[in-house]
Amino acid sequence: MELILQKVCGRPAQLPIRLRRCGPADAAAFFALQNEVRAAMPHPEQFVPDTLENITAYLREDLCIGAYDGERLGGVLYPALLRPEHAQLCGLSGGCPGEEWEHWANADSAVVHPDWRGNGLQRKLLEAALPLVRPGIVGVGATVSPENQYSLNNALACGFVIADRREMYGGYDRYLLKKML
């Protein structure tokens, strides 16, 4: 899918951006973008980074979308299908019964470079991913820091609802979100 951004680096832009499904060859770019964005955050604890190994596995096994301007990566969304280790991300207060895991997806991480912000790119990445989830998926779970209003507002605008609030990732306060498909 192609789209036109309204601004890049705070200036008007008419760059054709390609949203595309990504694979393992994109792992280093995903990892670098995640780390660059987190390092520039005023409150980096709002985003729990992933390892290069995990990102590579997501890109090999799961649905991952990247926003590219030619070779430059400006935004990513990597939803991973729920596996037993991701059960708490189902978006349900008591977790998700094991037999339901295969029917849920997890919008694990969305990252947008500061130069590309203000275009609704996080929302557009999610909207591009949803039609591509495998058949049989009935809902998408996600987590977000209550302090991360940008990501929270994007998720709510995409139809997610707050299902619970709990401590996760070694002591971080998180909303658990869910969206029924």
Side-chain angles (χ1 to χ4, degrees), residues 1 3 5-8 17-23 26-52 54-59 61-69 72-82 86 88-91 104-133 137 139-163 165 168-169 172-181:
M1 171 200 317
L3 58 106
L5 296 182
Q6 298 302 310
K7 61 183 178 177
V8 173
I17 302 300
R18 179 163 305 277
L19 300 183
R20 66 172 173 84
R21 191 169 190 162
C22 297
D26 299 290
F30 272 53
F31 185 69
L33 178 64
Q34 158 198 273
N35 293 335
E36 180 182 357
V37 168
R38 186 171 191 268
M41 292 175 72
H43 300 284
E45 70 279 0
Q46 292 179 355
F47 179 76
V48 179
D50 222 323
T51 65
L52 180 58
N54 284 345
I55 291 171
T56 302
Y58 296 148
L59 287 159
E61 301 166 10
D62 298 320
L63 173 61
C64 305
I65 305 290
Y68 281 89
D69 168 20
R72 183 177 181 211
L73 179 64
V76 298
L77 176 75
Y78 33 109
L81 292 180
L82 282 178
H86 293 124
Q88 77 275 12
L89 300 179
C90 186
W104 280 81
N106 172 32
D108 192 49
S109 292
V111 180
V112 176
H113 192 280
D115 290 351
W116 293 30
R117 291 187 186 147
N119 291 290
L121 189 55
Q122 186 177 21
R123 190 173 321 146
K124 290 172 184 160
L125 287 162
L126 181 60
E127 289 168 352
L130 288 176
L132 301 175
V133 297
I137 296 294
V140 179
T143 66
V144 65
S145 167
E147 303 300 317
N148 187 343
Q149 288 299 304
Y150 181 78
S151 289
L152 178 60
N153 290 338
N154 271 311
L156 295 174
C158 285
F160 281 84
V161 296
I162 298 171
R165 184 174 182 166
M168 300 180 71
Y169 309 120
Y172 294 104
D173 185 23
R174 292 293 184 262
Y175 283 136
L176 277 76
L177 308 175
K178 70 177 183 178
K179 175 181 175 73
M180 301 305 296
L181 301 180

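The model shown is predicted, which means the values in this text are computed figures rather than measured ones. For the numbers below, each heavy atom of this structure counts, side chains included, while hydrogens, waters and symmetry mates do not.
- Counting heavy atoms from C-beta on, the side chains of Phe160 and Val140 come closer than 4.5 Å.
- The minimum heavy-atom distance linking Val133 with Ile137 is given by the pair CG2-CB, 4.0 Å.
- Residues Val37 and Pro114 meet the side-chain proximity criterion, which asks for heavy atoms closer than 4.5 Å.
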Passes side chain to side chain contact (heavy atoms under 4.5 Å, CB included), Tyr78 versus Ile55? Steps please. CA-CA 8 Å; Tyr78 33 109; Ile55 291 171; 3.8 Å; yes
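- Between Glu36 and His113, the side chains place a donor N or O and an acceptor N or O closer than 3.5 Å (distance only, hydrogens not considered).
- Atom CG of Leu125 is separated from atom CG of Asn154 by 10.0 Å, given to the nearest 0.5 angstrom.
- Atoms CD and OG1, on Gln34 and Thr51 in that order, are 8.5 Å from each other to the nearest 0.5 Å.
- For the pair Phe30 and Cys22, the minimum side-chain heavy-atom distance is below 4.5 Å.
- Pairing each heavy atom of Leu73 with each of Gly66, the nearest pair is CD1-CA, 4.1 Å.
- For the residue pair Ala129 and Leu77, the shortest heavy atom distance occurs at CB-CD2, 3.7 Å.
- Between the OG1 atom of Thr143 and the NZ atom of Lys178 there is a distance of 15.5 Å, given to the nearest 0.5 Å.
- The main-chain N or O of Asp50 is never found under 3.5 Å from a side-chain atom of Asn54 such that the two would form a donor-acceptor pair.
- Atom CD of Glu127 and atom CD1 of Ile65 lie 12.5 Å apart (nearest 0.5 Å).
- Taking CZ of Arg38 as the start and OG of Ser109 as the end, the distance is 11.0 Å to the nearest 0.5 Å.
- Listed for the Arg165 side chain is no donor-acceptor partner under 3.5 Å among the backbone atoms of Tyr175.
- Between Asp62 and Arg21 there is no salt bridge, since no side-chain N of the basic residue sits under 4.0 Å from a carboxylate O of the acidic one.
- A donor-acceptor contact shorter than 3.5 Å links the side chain of Arg117 to the backbone of Val112.
- Under a 3.5 Å cut-off, the side chain of Asn35 and the backbone N or O of Phe31 do form a donor-acceptor pair.
- For Lys124 (side chain) and Leu19 (main-chain N/O), no donor-acceptor pair under 3.5 Å exists by modelled atom type.
- Side-chain atoms of Gln122 and Ser151 form a donor-acceptor pair, as typed in the model, at a separation below 3.5 Å.
- Proximity of Leu177 to Val161: side-chain heavy atoms (C-beta onward) are nowhere separated by under 4.5 Å.
- For the pair Leu63/Tyr58, no side-chain contact is recorded, criterion being any heavy-atom separation below 4.5 Å from C-beta on.
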Step by step, would you call Ile162 with Leu176 a side chain to side chain contact (heavy atoms under 4.5 Å, CB included)? CA-CA 6 Å; Ile162 298 171; Leu176 277 76; over 6 Å; no
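- Residue Cys158 holds its SG atom at 6.5 Å from NZ of Lys179, rounded to the nearest 0.5 Å.
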Start with the C-alpha distance between Phe47 and Asn148, add both sets of side-chain angles, then the distance that settles side chain to side chain contact (heavy atoms under 4.5 Å, CB included), and finish with yes or no. CA-CA 9 Å; Phe47 179 76; Asn148 187 343; 5.8 Å; no
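- Salt-bridge check for Arg20 with Asp26: passed, with a basic side-chain N closer than 4.0 Å to an acidic carboxylate O.
- Here the shortest heavy-atom pairing between Ala29 and Tyr68 reads CB-OH, 4.3 Å.
- A 6.0 Å sphere centred on CD of Glu147 holds no more than 12 heavy atoms belonging to other residues, nucleotides or ligands.
- Residue Asn106 comes nearest to Ala142 through the heavy atom pair OD1-CA, 4.0 Å, listed as atom of the first residue, atom of the second, then distance.
- Leu33 and Gly74 get closest at one heavy-atom pair: CD2-C, 4.0 Å.
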